[in-house]
Protein chains: 2
Amino acid sequence: MTTNGRRKFRREGEGRRRRDLIEATLDCVAENGIEGATVRAIALRAGVSAGLIRHYFPGKADLLQAAYAAVVKRMTDQAKDALAAREARPAERLAAFVRANLGPPVVDARIFSLWAGFIARAHADTALAAVHREGYLGFRDEVESLVGAVLEEAGRPADTAMLRRHAIAINAIIDGLWIEGCMASSLFGEGELAGIAIASVAAQLGVDLPGRAGSGH
Amino acid sequence: MTTNGRRKFRREGEGRRRRDLIEATLDCVAENGIEGATVRAIALRAGVSAGLIRHYFPGKADLLQAAYAAVVKRMTDQAKDALAAREARPAERLAAFVRANLGPPVVDARIFSLWAGFIARAHADTALAAVHREGYLGFRDEVESLVGAVLEEAGRPADTAMLRRHAIAINAIIDGLWIEGCMASSLFGEGELAGIAIASVAAQLGVDLPGRAGSGH
DNA sequence: CGGCTTGTTATGCAAGCGTATAAATACGGG
DNA sequence: CCCGTATTTATACGCTTGCATAACAAGCCG
């Protein structure tokens with residue numbers, strides 16, 4: 001029988017298929033670690049056959065790299081969105097930035113699993129290392145610029161060396177809290193991480209930041 | 001006369017063999033990621049045949065777990081050593097603790113590579129996750145106890161909730177700086193990370209800590 | 001409506017994986 | 001001195017992996 005009129009597969013545009021494969025890759029990595037992201041598992045989740053992957057990507061490594069780039073982009077975009085709705089005061093911008101990086105969309109076990117998997121691999125894979133370095137430095141520059149604006153507003157302009165030290169420390173706070181939140185999200189209440197981070201950054205810079213939890217208002 | 005006098009292998013005690021196999025595993029993980037730690041590669045580096053692994057470990061998973069436990073122990077031991085030579089003042093102890101975790105033996109690309117490799121897998125491997133959780137909570141408890149002593153000395157005893165928040169933040173600072181230092185050690189001068197961390201912790205707690213860089217001595 | 005392009009599947013292959021099993025060897029105790 | 005036993009090696013098996021290739025079919029264009 002000709003299995004009635006049902007088609008066996010549908011053709012899709014290149015953009016759609018690439019996006020689906022990347023998303024399926026992220027799902028697989030998040031679920032079973034980077035070693036669980038085999039071409040067969042990815043294809044199964046994407047609803048296509050395994051061979052199709054090599055029709056859109058030269059090899060599995062390229063798919064993984066594209067997937068990691070997508071994660072980096074998603075995270076930095078999230079942070080930039082928080083800045084797009086630019087509040088009037090620099091202090092508010094900095095607080096919003098910190099909050100965006102420690103909130104639900106970024107603090108996510110799935111993203112962390114990807115990050116850890118790729119970070120571990122970046123030591124032996126120069127291409128992945130480049131992707132990482134790019135997103136990382138962009139993030140730190142953003143922090144440095146925000147801190148500079150905040151200190152200037154407070155009438156305490158900082159020299160470049162001090163600005164750098166502040167950016168490094170604040171970046172570390174955000175990174176560290178992000179990791180803790182991703183690995184043990186159940187241990188922290190909603191917004192608790194962001195509150196801790198903002199309080200810590202405020203103390204670090206010696207300024208008052210809006211949105212501090214328990215500010216005794 | 002056994003052909004010629006040369007022995008084909010030597011018998012070693014169980015302790016020695018297990019230690020060698022664990023060390024070989026760490027070498028493999030650090031060099032090529034956790035996926036590069038195959039039983040054959042590990043055995044080759046340890047100078048034994050592949051089959052011997054299963055004579056000392058029920059399976060490869062057990063070897064990996066033992067190897068990760070060794071890494072965690074090594075890191076926490078390093079920090080505890082800094083506390084063993086207990087200085088008089090709590091502030092000095094806290095500073096020494098921070099400095100120990102951001103100095104040469106702990107800030108190391110190889111250890112980071114190991115950490116990242118295992119962390120990535122811990123999401124899908126409950127045994128590894130348990131090993132991690134154990135070492136992690138021990139570290140945080142240490143920080144909390146140190147912070148409590150420092151605040152008490154300063155005449156500003158903190159309630160448990162505040163203590164917890166401080167411990168979380170300081171832990172994050174150390175973690176974040178540790179990662180930055182491991183991944184891009186060339187970007188930081190000697191002792192710079194420790195200096196940034198101590199300054200940040202001092203600001204966070206509102207106390208003066210010894211060993212601050214640029215303290216105008 | 002029939003051929004053409006090309007997205008898509010199906011199948012196969014060589015390599016590498018972890019593991020199981022039996023043979024070989026070192027080395028201490030009778 | 002030689003035997004017994006635990007350690008170590010050697011070999012093989014079944015499975016999965018990433019990748020290559022050929023058959024297939026969906027949708028467009030004349």
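Numbered from 1 within each chain, the chains take letters A, B, ... in sequence-line order.
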Report the distance from atom [atom1] of [X] to atom [atom2] of [N], rounded to the nearest whole Å.
{"X": "B:Ile34", "N": "C:dC17", "atom1": "CD1", "atom2": "P", "result": "14 Å"}
{"X": "A:Arg16", "N": "D:dG27", "atom1": "CZ", "atom2": "P", "result": "14 Å"}
{"X": "A:Arg10", "N": "C:dT8", "atom1": "CZ", "atom2": "P", "result": "10 Å"}
{"X": "A:Leu52", "N": "D:dC19", "atom1": "CG", "atom2": "C1'", "result": "14 Å"}
{"X": "B:Leu44", "N": "C:dG18", "atom1": "CG", "atom2": "P", "result": "14 Å"}
{"X": "A:Glu12", "N": "C:dT8", "atom1": "CD", "atom2": "C1'", "result": "12 Å"}

OP1 or OP2 of [N] under 4.0 Å from side-chain N/O of [X]:
{"X": "A:Tyr56", "N": "C:dT8", "result": "yes"}
{"X": "B:Arg17", "N": "D:dT8", "result": "yes"}
{"X": "B:His55", "N": "D:dT7", "result": "yes"}
{"X": "B:Thr38", "N": "C:dC17", "result": "yes"}

Inset, instruction - Tell me which residues in residues 19-32 of chain A put a heavy atom below 4.0 Å from DNA chain D, sorted by number, or none. - result: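 Listed by number, there are none.
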Inset, instruction - Using a 4.0 Å heavy-atom cut-off across all strands, classify A:Glu14 as base, sugar-phosphate, or nothing. - result: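 Counting heavy atoms under 4.0 Å across all strands, no contact is made by A:Glu14.
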Inset, instruction - Mind checking A:Phe57 for me? I need base, sugar-phosphate or nothing, with any heavy atom below 4.0 Å counting as a touch. - result: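 The answer is nothing, as A:Phe57 stays clear of every strand by at least 4.0 Å.
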Legend entry - Quiz item: A:Arg40 side-chain donor-acceptor pair to D:dG18 base, under 3.5 Å: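 Such a pair exists between side chain and base.
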Inset, instruction - Can you check whether any acceptor in the base of C:dT6 is under 3.5 Å from a donor in the side chain of A:Arg11, or vice versa? - result: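 By the distance-only test, yes, there is a pair.
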Can you list every pair that meets salt bridge (charged side-chain N to carboxylate O under 4.0 Å, His left out) and has a residue in [range], with sequence neighbours left out?
{"range": "residues 190-202 of chain A", "answer": "A:Glu192-B:Arg164"}
{"range": "residues 72-84 of chain A", "answer": "A:Glu23-A:Arg74, A:Lys73-A:Asp77, A:Lys80-A:Glu142"}
{"range": "residues 116-125 of chain B", "answer": "A:Glu35-B:Arg121, B:Arg121-B:Asp125"}

Inset, instruction - Can you tell me which residue pairs pass the side-chain hydrogen bond (donor to acceptor under 3.5 Å, both in side chains) test with a partner in residues 36-54 of chain A, sequence neighbours excluded? - result: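 side-chain hydrogen bond (donor to acceptor under 3.5 Å, both in side chains) check on residues 36-54 of chain A returns A:Glu31-A:Arg45.
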Legend entry - Residue closer to the 5' end of DNA chain C, B:Gly59 versus A:Ala50 (nearest nucleotide):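 Nearer the 5' end of the strand: A:Ala50.
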Polar atom pairs between nucleotides 20-24 of chain D and protein, under 3.5 Å, N or O only, would you list them?
from, atom 1, to, atom 2, distance (Å)
D:dA20, OP2, A:Arg54, NE, 3.0
D:dA20, OP2, A:Arg54, NH1, 2.9
D:dA20, OP2, A:Arg54, NH2, 2.1

Inset, instruction - Find which nucleotide of DNA chain D each of B:Ile53 and A:Glu35 is nearest to by heavy atoms, and output the residue with the more 5' nucleotide. - result: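 Looking at DNA chain D, the more 5' nearest nucleotide goes with B:Ile53.
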Legend entry - Residues in side chain to side chain donor-acceptor pair (under 3.5 Å) contact with A:Asp175, at least two apart in sequence or another chain: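 Residues passing side chain to side chain donor-acceptor pair (under 3.5 Å) with A:Asp175: none at all.
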Inset, instruction - For A:Phe97, check ring-ring contact (aromatic ring centres under 6.0 Å, His included) against everything at least two apart and list the hits. - result: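 If we apply the ring-ring contact (aromatic ring centres under 6.0 Å, His included) test to A:Phe97, skipping adjacent residues, the hits are A:Phe139.
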Inset, instruction - Verify, without hydrogens or angle tests, whether B:Arg18 (side chain) and B:Tyr56 (backbone) share a donor-acceptor contact under 3.5 angstrom. - result: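 Checking the backbone N and O of B:Tyr56 against the side chain of B:Arg18, a donor-acceptor pair under 3.5 Å is found.
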Legend entry - Backbone of A:Gly138 reached by a side-chain donor or acceptor of A:Asp141 within 3.5 Å: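 A pair under 3.5 Å: no.
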Quiz: residues 103-113 of chain B side-chain donor-acceptor pairs under 3.5 angstrom, not counting sequence neighbours:
from, atom 1, to, atom 2, distance (Å)
B:Asp108, OD2, B:Arg110, N, 3.0
B:Asp108, OD2, B:Ile111, N, 3.1
B:Arg110, NH2, B:Asp27, OD1, 2.8
B:Ser113, OG, B:Ala30, O, 3.1

Legend entry - Side chain to side chain, B:Ile22 and B:Phe57, heavy atoms closer than 4.5 Å: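 In short, these two side chains touch, coming nearer than 4.5 Å.
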